[in-house]
Colleague: 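One structure is given below, represented as C-alpha cells, and several questions about it will come after.
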Amino acid sequence: MNCRDAERLVTPYIEDELPEPVLEEFLEHVESCPGCQEELEIYFTVAAGLRHLEEETGNYNIKGELEQVLEASYQQVHMYRLMKIIYYAVNTLAGMGLLSTILLQLRIWIRP
Ligand SMILES: [Zn+2]
C-alpha cells in the first residue's frame, strides 16, 4: 500500500468502514509512515472535534482517543489473524481426516 491508497482510506477508517484485509494493510502503512500518521491524526482530530461539538461532551483528549481507536484496531486485526489461523488449521485437519477416511475405505474395498 502506498501513501495515496492510505490517504484515501483515512476517512473510511475513521468511520469504521474498512474491511479486515484492507484494515490490516492500512494499519501497517500508517505505523511505518509518519506522513500518513499525521494525516490520520489531523482527520481524526477534526472528526472527533465535530463529534464532541455535537454531543457537547467535556472529553477533549482527542489524541488519547485516537490511541484507543488504533489499539482497538490492532486487536481487531490480531483477532482476525488468529481466526484465520484457526480456520486453516481446522480446514487442514478436516481435509486430512477426510483423506484418511477415504484411504481406509479404499483399503477395505481393495482387500482381496
Ligand atoms: Zn504513507
Side-chain angles (χ1 to χ4, degrees):
M1 179 175 293
N2 56 36
C3 290
R4 235 185 140 113
D5 293 331
E7 273 165 30
R8 233 167 4 99
L9 295 174
V10 165
T11 307
Y13 172 72
I14 290 168
E15 280 159 14
D16 201 17
E17 284 170 353
L18 289 188
E20 286 294 349
V22 183
L23 177 65
E24 193 172 340
E25 279 184 48
F26 177 77
L27 286 177
E28 264 170 26
H29 180 89
V30 166
E31 205 175 11
S32 63
C33 177
C36 289
Q37 220 166 66
E38 208 180 301
E39 186 96 354
L40 175 62
E41 254 175 57
I42 292 167
Y43 275 88
F44 187 86
T45 305
V46 172
L50 287 176
R51 207 176 54 238
H52 287 312
L53 279 181
E54 277 170 16
E55 295 168 358
E56 289 180 7
T57 55
N59 175 19
Y60 290 115
N61 182 10
I62 288 169
K63 183 134 183 150
E65 218 175 292
L66 176 59
E67 272 161 26
Q68 275 176 18
V69 168
L70 280 171
E71 185 60 34
S73 300
Y74 285 125
Q75 271 171 15
Q76 201 180 334
V77 165
H78 189 75
M79 274 305 287
Y80 177 70
R81 273 193 205 144
L82 204 67
M83 294 298 282
K84 238 173 23 184
I85 291 168
I86 292 170
Y87 175 78
Y88 284 126
V90 169
N91 252 359
T92 308
L93 284 176
M96 273 159 53
L98 184 68
L99 194 68
S100 53
T101 309
I102 291 170
L103 287 175
L104 286 173
Q105 189 63 53
L106 278 177
R107 251 176 48 177
I108 293 168
W109 281 338
I110 289 168
R111 191 181 297 165

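When a ligand or atom number is given, it counts from 1 through the structure's own listing order. Because the structure is a prediction, the values reported are computed rather than measured.
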Colleague: With a 3.5 Å distance limit and no angle check, can you tell me whether H29 reaches the backbone of M1 through a side-chain donor-acceptor pair?
Modeller: yes
Colleague: Tell me whether E28 at atom CD has more than 12 heavy atoms from other residues, nucleotides or ligands lying less than 6.0 Å away.
Modeller: yes
Colleague: Which protein atoms of type N, O or S are found under 2.8 Å from the Zn ion (ligand 1)?
Modeller: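 Hits for the Zn ion (ligand 1) below 2.8 Å: C3 SG, H29 NE2, C33 SG, C36 SG.
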Colleague: With sequence neighbours left out, write down each residue that passes side-chain hydrogen bond (donor to acceptor under 3.5 Å, both in side chains) with Q76, or none if nothing qualifies.
Modeller: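 So Q76 forms a side-chain hydrogen bond (donor to acceptor under 3.5 Å, both in side chains) with E20.
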Colleague: Quick one: do Y13 and L27 satisfy side-chain contact (heavy atoms from CB on, under 4.5 Å)? Show the steps, please.
Modeller: CA-CA 10 Å; Y13 172 72; L27 286 177; 4.3 Å; yes
Colleague: To the nearest 0.5 angstrom, please state how far the CG atom of N61 sits from the CD atom of Q68.
Modeller: 8.0 Å
Colleague: Do Y74 and V30 share a hydrophobic cluster (ILVMFWY, side-chain heavy atoms under 4.5 Å, transitive)?
Modeller: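 Yes; tracing contacts between hydrophobic side chains, which count when under 4.5 Å, links both residues.
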